[in-house]
Amino acid sequence: MGLVSDGLDRATQRAFTRPIPKSAGAQMRYLVKQLKGTRQVAVLLGVSQRTVERYVKDQIRRPRPDLAVRLADAVRARWQPRVREQARRQAATSTGIIVDTRARFGFTAAPGSTDDARIRHLTLALPPAFAARLFDAQQAGASEQQLREITAEGLGETYFRDSGRRAHGLEVEFTDVEQLDFDL
């Protein structure tokens with residue numbers, strides 16, 4: 001996917017109260033239970049239905065590396081949906097979200113000022129309104145560029161404009177992202 005979308009997913013996964021199943025058999029059994037059948041799991045993972053059945057019965061124990069990644073990602077995406085939703089709701093209504101980024105930031109300013117675009121490392125809390133916008137956009141299927149624009153707007157409002165207390169006319173540009181991480 002993208003940096004912002006993956007960062008939001010990692011942030012919600014930190015709220016999990018139990019670890020995801022470790023073995024391939026346990027992961028397959030979880031997916032079969034969630035998707036209500038081996039055929040749906042086979043289609044999801046791109047393997048045969050018989051292969052899924054063999055993993056469920058622990059006849060195969062070690063998946064090839066590409067299948068192991070797809071299997072773990074599929075389980076992680078469906079693991080503890082209520083806990084994930086509760087973490088999103090809490091971030092969107094009361095706590096906000098912490099953004100840790102190293103990116104090139106620039107904004108329109110007077111010619112010759114020292115505010116030219118440059119790499120900055122920022123760690124700051126976005127207010128709940130921006131967390132809500134990010135999660136809503138992600139669930140609506142927003143593109144990576146749209147998620148970056150919301151993040152840039154939040155960083156601009158919180159850091160560069162100090163929540164509206166200074167420098168009102170700034171347009172923040174968020175490019176060349178080297179690192180981006182979110183925490184709830």
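Along the sequence shown, residues carry numbers from 1.
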TODO: Provide the closest heavy-atom pair for R61 versus A24 in the form atom of the first, atom of the second, distance.
DONE: O-CB, 3.7 Å
Open item on the list: For A131 versus A91, what's the shortest heavy-atom pair and its separation?
Closed with: CB-O, 3.5 Å
Open item on the list: Salt bridge check, R50 against E53: does any charged N sit closer than 4.0 Å to a carboxylate O?
Closed with: yes
- [ ] Please answer whether the main-chain N or O of L155 pairs with a side-chain N or O of T158 as donor and acceptor at a distance below 3.5 Å.
- [x] no
Open item on the list: I need the D100 CG to L124 CG distance, nearest 0.5 Å.
Closed with: 9.0 Å
Open item on the list: Let me confirm one number: the CZ-CZ distance from F135 to R84, rounded to the nearest 0.5 Å.
Closed with: 10.0 Å
Task: Test: R76 and D73 ion pair at under 4.0 Å - done: yes
Open item on the list: Looking at Q59, is its backbone amide N or carbonyl O close enough to the side chain of R54 to form a donor-acceptor pair, meaning the two atoms are under 3.5 Å apart?
Closed with: no
TODO: Write down the atom of P21, the atom of A26, and the distance for their closest heavy-atom approach.
DONE: CB-CB, 3.7 Å
- [ ] Check G37 against V41 and note the closest heavy-atom contact, atom names and distance.
- [x] O-CG2, 3.4 Å
TODO: Calculate, to the nearest 0.5 Å, the distance between atoms CZ and OG1 belonging to R102 and T123 respectively.
DONE: 11.5 Å
Task: Validation row: T101, H121 side chains within 4.5 angstrom (heavy atoms) - done: no
Task: Check against side chain to side chain contact (heavy atoms under 4.5 Å, CB included), L122 and V99 - done: CA-CA 8 Å; L122 300 176; V99 179; over 6 Å; no
Task: Point-to-point distance, once rounded to the nearest 0.5 Å, from CZ of R88 to CG of L134 - done: 11.5 Å
Open item on the list: Run T95 and Q90 through side chain to side chain donor-acceptor pair (under 3.5 Å) and show every step you take.
Closed with: CA-CA 6 Å; T95 61; Q90 182 178 2; 4.8 Å; no
- [ ] Go through the side-chain N and O atoms of Q80 and T17 and say whether any donor and acceptor fall under 3.5 Å apart.
- [x] yes
Open item on the list: Is there a side-chain contact between R29 and Y55 in this structure, where contact means two heavy atoms from C-beta onward sitting under 4.5 Å apart?
Closed with: no
Open item on the list: Applying side chain to side chain contact (heavy atoms under 4.5 Å, CB included) to Q40 and V32, what does each step give before you reach the verdict?
Closed with: CA-CA 8 Å; Q40 294 86 341; V32 167; over 6 Å; no
TODO: State whether the side chain of W79 and the backbone N or O of R18 hold a donor-acceptor pair below 3.5 Å, judged by distance alone.
DONE: yes
Open item on the list: Treating Q146 as the side-chain partner and S143 as the backbone partner, does any N or O pair qualify as donor plus acceptor under 3.5 Å?
Closed with: yes
- [ ] Using only heavy-atom distances, determine whether the side chains of T38 and Q49 contain a donor-acceptor pair under 3.5 Å.
- [x] yes
Task: Distance (rounded to the nearest 0.5 Å) between L3 CG and L8 CG - done: 11.0 Å
- [ ] Identify whether L71 and F16 are in the same connected component of the hydrophobic contact network (ILVMFWY, side-chain heavy atoms under 4.5 Å).
- [x] yes
TODO: Over all heavy atoms of both residues, which pair between E144 and V4 is shortest? Give the atoms and the distance, please.
DONE: OE2-N, 2.8 Å
Task: Spacing of L45 atom CG and M28 atom CE [to the nearest 0.5 Å] - done: 5.0 Å
Task: Under 3.5 Å donor-acceptor, T93 side chain and R89 backbone - done: yes
Open item on the list: V52 and side chain to side chain contact (heavy atoms under 4.5 Å, CB included): which single residue from V47, I60, L44, L31 fits?
Closed with: V47
Open item on the list: Taking R70 first and then D66, would you say they form a salt bridge - that is, a charged N and a carboxylate O separated by under 4.0 Å?
Closed with: yes
Task: Nearest non-hydrogen partners of A15 and V83, listed with the distance - done: O-CG1, 3.1 Å
TODO: Ignoring hydrogens and angles, tell me if any N or O in the side chain of R78 forms a donor-acceptor pair with the backbone of A74 under 3.5 Å.
DONE: yes
